[in-house]
Amino acid sequence: MSIPKFDLRDAQGDTAGFARAMGQAFHDYGFIRLTGHGIPQNVIEAADKASEDFFNLPDADKDNYWIRGQE
């Protein structure tokens, strides 16, 4: 699976379309990759690793992160 990637600079052209696409990506994947923000690369790499590690967990382990009432 590849996490969808969005560049904040693209939001300047079609803000509503950008927001819709990003919202759909959150709905479909739960995560996005965002560029054009100025966050240091080492922080991005750590976040990528954490999300990859999470998705590689068995479903039973991921279910432990579910909070009742947050569906």
*At what distance, to the nearest 0.5 angstrom, does CG of Asn56 lie from CG of Asp61?*
11.5 Å
*What is the distance from atom CZ of Arg20 to atom OG1 of Thr15, rounded to the nearest 0.5 Å?*
10.5 Å
*Side chain Ser51, main chain Asp48, donor-acceptor under 3.5 Å*: yes
*If you draw a 6.0 Å radius around NE2 in His27, do more than 12 non-hydrogen atoms from other residues or ligands fall strictly inside?*
no
*If you take all heavy atoms of His37 and Ile39, which pair is closest and at what distance?*
ND1-N, 2.8 Å
*asked:* Which residues end up grouped with Phe26 if you chain together Ile, Leu, Val, Met, Phe, Trp and Tyr wherever their side-chain heavy atoms are less than 4.5 Å apart?
replied: Phe6, Leu8, Phe18, Met22, Ile32, Leu34
*So, for Phe55 and Tyr29, which heavy atoms are closest and what is the spacing to 0.1 Å?*
CZ-O, 3.6 Å
*Not counting sequence neighbours, which residues clear side chain to side chain contact (heavy atoms under 4.5 Å, CB included) with Asp14? List them please.*
Ala16
